[in-house]
Amino acid sequence: MSDTSVTAERRPRDEVPFTLEEPAPRALGFWDQGAFWANLGVSLFAFSGAYTVLAPDDNGRPTLSIAAGIVAMVVGTALGGLMLGLAAAPGARTGQPAMVLLRGLFGARLSYLPTVLNIAQLIGWGTFELIVIADAARTLWDGVPRWGYVIAAGLLTTALTIWPLGSVRLLRRYVTAAVMIALVYFYVQLLREPLPDLTEGSWGGFWIGADAALAVSISWVPLAADYTRHARSARGAFGAAAVGYSATQIFAYVLGLLALALVAGDSSKVFDPFLGVALGTLFFAVFVLREADQSFANVYSTAVSIQNLVPRADRRVLTIALGAVITGLALLLDIGDYAAFLSLIGSVFVPMLGVLAADFFLGRGRRRAALGKAPVAELGWNMERDAPSRWGMIAAWAAGFVVYQLIYPGGVSWWAGFWQDVQGAIGFTPRSWMSASLLSFLFAGLAALAAGRITRGRG
């Protein structure tokens, strides 16, 4: 009996395989997926990071009014949800995780570049999640040292990754209802408070705020297929991700902006309005506890991304090691660079999604679907370990990345300074109507279609 058959017998048939050598079960229905994405849409980041959609200036002062920030957030989240749905569907159609899909887009060896970038950003997100959980838990009760909460959150996160599909079903059955009740309760309580004038301020940084909200959605794009490869249909995967995530993120961010208005824009006190109402501590504890699903998703997908590099690596060993890594980092780091972090994530993965969507739905992937059972190597969307390099897709991705940086180089001073010098050298001045996310997505997608046609023409 082979090693693969032995390991398959030792795990439930409706659970994720230990390695990429085993087939993935189609175990998640629409409501399982919808609950999963809906829970990911409700995050403590929606409260602690709500100020990012107000387009803060270099001194941290919001440039948008609360009303403008809400509209920017809704627009950015809706667009980000559609992009998330586009990233989710290929996983359901092919049964492959996100980074393995990129073998078909870039080739096997070239897929290692976005894989390494994804591993880095997911470790960063996982670390930030543990920090947020620990800080929020200490707000509830400071009788435990911060390091104690970090370690407890790290252990819970790691435990959830051992049975990932079981954890998704657990969210649907028990956690989603509690989260929805807590959200409604806080809406009722905060709207009873005397709110300041929500229109005070400008609309000048509207697309910067929209891009900040979109970047939160986009941060899930490089791991969407890790979960939707277990979906029963591509249509259900698209709808669950696009609608489930967007609806709850909008709901949570509006609540976070209302809380921010009640504390006069002081993001360090954004949790105070929640804790100041009757039963606030109890309902806020629901948010703190379920935040572990965010860190779980990041750690599990980091392991699956590593498996693109080492397909026979055991995901259980990987997730335990990664849980220890992010716990250690959370003990050492703070969350001060969150806004800049979001910007850099968006600039990398928005154009990559543009290339993926164009090539999968309109290019080589569409040809594969149309031709049915023809060998993948003949159709160009080859996800095997020896898939040939596709430099044209890398060039399209790089072009979209440049467009993003020219429009909005972010908040890291030395990085922004470089791109501002480039702007001056080519005589380009960004306009207020320009969305870095939308334009880089479209440009990268068009470049990918052009590269695909050139390649086919030469062939």
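Side-chain atoms of Ser301 do not come within 3.5 Å of backbone N or O of Asn298 as any donor-acceptor pair. Arg312 places no side-chain N or O within donor-acceptor distance of the main-chain N or O of Leu20, the cut-off being under 3.5 Å. Under a 3.5 Å cut-off, the side chain of Arg315 and the backbone N or O of Ile162 do form a donor-acceptor pair. Judged by distance alone, with hydrogens and angles left aside, the side-chain atoms of Gln189 form no donor-acceptor pair with the main-chain N or O of Phe274 at under 3.5 Å. For Ser167 (side chain) and Leu160 (main-chain N/O), a donor-acceptor pair under 3.5 Å exists by modelled atom type. Distance alone, capped at 3.5 Å, is enough to place a donor-acceptor pair between the Ser233 side chain and the Gly236 backbone.
In this pair, Phe287 and Phe186 present their aromatic rings tilted. The plane angle is within the 30 to 60° band. Under the 30°/60° scheme for interplanar angles, the aromatic rings of Phe418 and Trp415 are found to be tilted.
Residue pairs meeting the side-chain hydrogen bond (donor to acceptor under 3.5 Å, both in side chains) criterion with at least one member in residues 30-42, sequence neighbours excluded, are Asp32-Arg172, Asn39-Thr176. Note on residues 244-253: no pairs pass salt bridge (charged side-chain N to carboxylate O under 4.0 Å, His left out), not counting sequence neighbours.
Aromatic rings from Phe45 and Trp125 are positioned such that their centres are separated by under 6.0 Å. Between Trp397 and Phe106, the ring center distance clears the sub-6.0 Å criterion.
Checked by atom type, the side-chain pair Trp419/Gln423 shows no donor-acceptor distance below 3.5 Å. Side-chain contact annotation: Tyr245 with Gln249, donor-acceptor N/O pair under 3.5 Å present.
Atom CZ of Arg26 is surrounded by more than 12 heavy atoms from other residues, nucleotides or ligands within 6.0 Å. The environment of CZ in Phe443 is sparse: at most 12 heavy-atom neighbours from other residues, nucleotides or ligands sit within 6.0 Å.
Applying the side chain to side chain contact (heavy atoms under 4.5 Å, CB included) test to Ser432 and every residue at least two apart in sequence or in another chain returns nothing.
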